[in-house]
Amino acid sequence: MSGHQSRRVPHSPLRELVTRILQKYEMPLEDARIAANHLIASNLRGVDTHGVIRLKGYIQRIQAGGNNPKPNIRIVEQTDTTAVMDGDNSVGQVGGQKAMDLAIEKARKSGVGIVAMRNSNHYGMAAFYSMMPLPSDMIGISMSNVLACMAPTGGAAGRFGNNPISIAFPAGQEPPVVVDFATSKSSWGKALLCKQTG
């Protein structure tokens with residue numbers, strides 16, 4: 001692997017290829033486009049750890065029954081400003097985008113929108129969702145819990161997740177402020193990227 005060389009490809013045909021691959025594994029076109037857009041957006045933002053490199057893992061999870069390619073994502077309960085949605089074990093990007101779409105809709109009507117998604121999966125780059133409200137001149141916050149993978153200080157076994165969080169807010173004439181971080185020193189995606197690139 002030491003001879004690995006990067007190769008640049010145009011993002012539009014790559015997006016179409018990823019969409020077609022996901023459709024081959026029974027994802028409806030709309031959901032496949034959501035997931036593909038997210039993966040490509042991650043690469044374009046320079047977050048390769050959450051980009052197309054994740055596609056193989058998502059396909060393997062679908063094949064193993066860990067992700068539902070045809071989820072019935074639905075609102076379980078809601079108020080004017082809040083909602084709980086069930087992702088029906090969806091690919092995380094699909095559930096994540098639908099949750100933020102609903103939060104934005106509620107914020108337009110009531111000034112704030114808070115939506116929790118349950119029964120979903122790895123949702124990729126958290127900043128993707130926190131940036132979604134920016135065109136509406138809104139602040140976006142996105143966060144997720146993660147399976148216990150980190151040991152507490154002095155510990156030897158995972159007891160809590162690295163729980164990513166991202167916040168984005170408009171800054172008038174300046175570019176928006178976007179932060180995206182987790183409580184871990186590194187992400188699993190960085191180890192995956194290092195493995196793939198030697």
To the nearest 0.5 Å, what is the distance between [atom1] ([X]) and [atom2] ([Y])?
X    : Y    : atom1 : atom2 : value
Q93  : Q97  : CD    : CD    : 9.5 Å
R45  : I40  : CZ    : CD1   : 15.5 Å
I139 : I167 : CD1   : CD1   : 9.0 Å
N37  : L44  : CG    : CG    : 10.0 Å
S42  : M125 : OG    : CE    : 4.0 Å
T19  : R33  : OG1   : CZ    : 7.0 Å

Judged by atom type as modelled, is there a donor-acceptor pair below 3.5 Å linking the side chain of [X] to the main-chain atoms of [Y]?
X    : Y    : answer
R20  : V18  : no
T183 : N162 : yes
D180 : A127 : yes
K106 : G111 : no
N121 : S90  : yes
N67  : R61  : no
R159 : M150 : no

L39 with L17, same ILVMFWY side-chain cluster at under 4.5 Å: yes
hydrophobic_cluster_shared for I141 and V115, side chain cutoff 4.5 Å: no
Selection residues 8-48 - residue pairs positive for ring-ring contact (aromatic ring centres under 6.0 Å, His included), sequence neighbours left out: H38-F128, H38-Y129
Stepwise side-chain contact (heavy atoms from CB on, under 4.5 Å) check, N163 with M143: CA-CA 7 Å; N163 304 337; M143 62 185 81; over 6 Å; no
Validation row: I75, L102 side chains within 4.5 angstrom (heavy atoms): yes
Close side-chain approach of R118 and V76, heavy atoms under 4.5 Å: yes
Sequence-distant partners of P133, side chain to side chain contact (heavy atoms under 4.5 Å, CB included), two or more places apart: M100, I104, M138
For L134, side chain to side chain contact (heavy atoms under 4.5 Å, CB included) partners two or more places apart: M131, A168, P170, P176, V178
CA sep, side-chain torsions, deciding dist, call: N119, N89, side-chain hydrogen bond (donor to acceptor under 3.5 Å, both in side chains): CA-CA 5 Å; N119 297 322; N89 208 21; over 6 Å; no
Stepwise side-chain contact (heavy atoms from CB on, under 4.5 Å) test for I114 and T81: CA-CA 6 Å; I114 302 168; T81 58; over 6 Å; no
Write down the atom of [X], the atom of [Y], and the distance for their closest heavy-atom approach.
X    : Y    : answer
A157 : P152 : O-CD, 3.7 Å
A182 : P164 : CB-CA, 4.0 Å
A99  : M117 : CB-CE, 4.0 Å
R54  : T49  : NE-O, 2.9 Å

Where at least one partner belongs to residues 138-157, residue pairs that pass side chain to side chain donor-acceptor pair (under 3.5 Å), sequence neighbours excluded: Y123-S142
Whether over 12 other heavy atoms sit under 6.0 Å from F169 CZ: no
Residues N72 and D88: side-chain donor-acceptor under 3.5 angstrom: no
side-chain contact (heavy atoms from CB on, under 4.5 Å) evaluation trace for M85 with Q78: CA-CA 9 Å; M85 297 180 76; Q78 67 177 323; over 6 Å; no
side-chain contact (heavy atoms from CB on, under 4.5 Å) between I59 and L22, worked out: CA-CA 8 Å; I59 297 301; L22 290 169; 3.9 Å; yes
side-chain contact (heavy atoms from CB on, under 4.5 Å), paired with V52, selected from N43, I21, V9: N43
Within residues 93-104 or reaching into it, pairs that qualify as salt bridge (Lys or Arg N to Asp or Glu O under 4.0 Å) - sequence neighbours excluded: D31-K98
Side chain to side chain donor-acceptor pair (under 3.5 Å) involving D80 - partner list, sequence neighbours excluded: none
